[in-house]
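Working notes, beginning with the structure itself.
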Amino acid sequence: MAHSVSDHLHVTIADYDRFIRTVIPHYETMRAVQLELLARCLPSDGRVVDLGGGTGALARAVAEKFPGICVEIWDTDPAMLKVARKRCAAFGDRVQFVERSFAEPLPACNAVVACIALHHVKEMAAKEKIYANIFQALRPGGIFANADCVMSETPAVRAASYEGWARFMEEQGLSSAEAQQQFAEWAKEDCYPPLATELGLLAEAGFAEPDCFWRTAPFTVFGGVRS
């Protein structure tokens, strides 16, 4: 499940952090929600796995907020991990870097997080397997908090979500045509299932009460706690 961010988004790795904020609404809000959830579930010496952790922005935020925990960044893109290593160098061995697909079994941990990453998994059977791996890796009381995009299958709602998303990009300086071009490019690799589908997959994977923790359509933070 190799994935190149620079090929997918057509931006340089160095420009990724700026670019993502011009095309993803509520980016900072989703991160704040994830950190608040971790604050309620993480032991002081816990371990967090960051799936598709990219440039290490989320891992750094976690390491800064929770000085006793360790974070593993899992990503298949060596160029992104190179940036992550520089960004997180100050944390020493508290932040570790794993060049591996997030479809593989995960180590035991207290939390799994992902931000704008798992929508690259287009096959629902493969995504359910990833969710099962996450559930198996979590220690009792551990949380999975995934920030991502979901889309309604109702045409009017789906259209409204895309229109609002495009307006956000235009407010950041993209033209209407550029916004639509982004959607067309992303559609080649991305899949945004309905939230109900995502929660159903989590239930099948073993989560007793999968939940939506925050949402402003079409962006959401969802997941579950291992009982």
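Just so you know, residue 1 is the first one in the sequence shown, and it goes up from there. Values below: all heavy atoms of this structure, side chains included; hydrogens, waters and symmetry mates excluded.
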Quiz prompt | Side-chain heavy-atom pair Ile69, Leu42 within 4.5 angstrom cut-off | solution = yes

Given side chains that start at C-beta, do those of Tyr192 and Tyr162 come closer than 4.5 Å, heavy atoms only? yes

Between Ala117 and Leu51, the two heavy atoms sitting closest are CB-O, 3.8 Å

Note to self: For Arg47, is there any backbone N or O sitting under 3.5 Å from a side-chain donor or acceptor partner on Asn110?
What the structure shows: yes

The reported gap from CE in Met124 to CD in Glu128 (rounded to nearest 0.5 angstrom) is 10.5 Å

What one should report as the nearest heavy-atom pair of Glu178 and Gly173 is OE1-O, 4.3 Å

Rounding to 0.5 Å, atoms CE (Met169) and CD1 (Ile24) come to a distance of 7.5 Å

Would a distance-only check, ignoring hydrogens and angles, find a side-chain to backbone donor-acceptor pair under 3.5 Å from Asp75 to Leu81? no

Query raised in the report: After noting the C-alpha distance and the side-chain angles of Arg31 and Leu58, does the key distance pass the side-chain contact (heavy atoms from CB on, under 4.5 Å) rule?
Result: CA-CA 7 Å; Arg31 176 167 301 161; Leu58 177 55; 4.0 Å; yes

- request: Go through Phe91 and Val71 one step at a time and tell me if the side-chain contact (heavy atoms from CB on, under 4.5 Å) criterion holds.
  value: CA-CA 10 Å; Phe91 302 110; Val71 185; over 6 Å; no

Problem set entry | Stepwise side-chain contact (heavy atoms from CB on, under 4.5 Å) check, Phe102 with Val121 | CA-CA 10 Å; Phe102 48 58; Val121 182; 3.7 Å; yes

CG of Asp50 to SG of Cys88, rounded to nearest 0.5 Å, is 9.0 Å

Test your reading of the model: is there a side-chain donor-acceptor pair from Arg94 to the backbone of Ala63, 3.5 Å cut-off? yes

Scanning both residues in full, the closest heavy-atom pair of Arg226 with Arg139 reads CB-O, 4.0 Å

Kindly indicate, with the supporting measurements, whether the criterion side-chain contact (heavy atoms from CB on, under 4.5 Å) is fulfilled by Cys70 and Val48. CA-CA 6 Å; Cys70 294; Val48 178; over 6 Å; no

Between Glu171 and Arg167, does any side-chain N to carboxylate O distance fall below 4.0 Å?
no

Query raised in the report: Does Met151 reach the side chain of Ser161, with side-chain heavy atoms less than 4.5 Å apart?
Result: yes

Open item on the list: Looking at Glu28, I want to see if its CD is surrounded by more than 12 non-hydrogen atoms of other residues, nucleotides or ligands under 6.0 Å.
Closed with: yes

**Asked** How about Leu174 and Val23: do any of their side-chain heavy atoms sit closer than 4.5 Å?
**Response** yes

For Leu37 and Ala145, the nearest pair of non-hydrogen atoms, with its separation, is CD1-CB, 4.1 Å

- Message: Are Asn146 and Ile134 packed together at the side-chain level, in the sense that at least one heavy-atom pair is separated by less than 4.5 angstrom?
- Response: no

Donor-acceptor pair, distance only, cut-off 3.5 Å: does the side chain of Asp211 make one with the backbone of Phe213?
no

Margin query: Pairing donors with acceptors under 3.5 angstrom, does anything connect the side chains of Tyr131 and Glu198?
Written below: yes

Tightest non-hydrogen contact, residues Ala39 and Lys65, listed as CB-CE, 4.3 Å

Distance col, row Met30:CE vs Leu35:CG, nearest 0.5 angstrom, shows 12.5 Å

**Prompt:** Are Val157 and Phe219 co-members of a hydrophobic cluster defined by side-chain heavy atoms under 4.5 Å apart?
**Reply:** no

Taken to the nearest 0.5 Å, the spacing of Thr55 OG1 from Asp17 CG works out to 3.5 Å

Heavy-atom nearest pair, Arg215 first then Leu195, reads NH1-CD2, 3.8 Å

Review point. Are the side chains of Lys127 and Pro193 in touch, meaning some heavy atoms are under 4.5 Å apart?
Key: yes

* Strictly by modelled atom types, are Glu185 and Gln181 linked by a side-chain donor-acceptor pair under 3.5 Å? -> yes

Rounded to the nearest 0.5 Å, the CH2 atom of Trp74 sits from the CG atom of Leu106 at a distance of 5.0 Å

Would you please indicate yes or no on a ring centroid separation below 6.0 angstrom for Trp214 and His26?
yes

*Verify the neighbour count for atom NZ of Lys122: are there more than 12 heavy atoms of other residues, nucleotides or ligands below 6.0 Å?*
yes

ask   = Does the side chain of Trp165 come within less than 4.5 Å of Gln182's, by heavy atoms?
value = no

| query | Is there a side-chain contact between Ile73 and Gln96 (heavy atoms, below 4.5 Å)? | reply | no

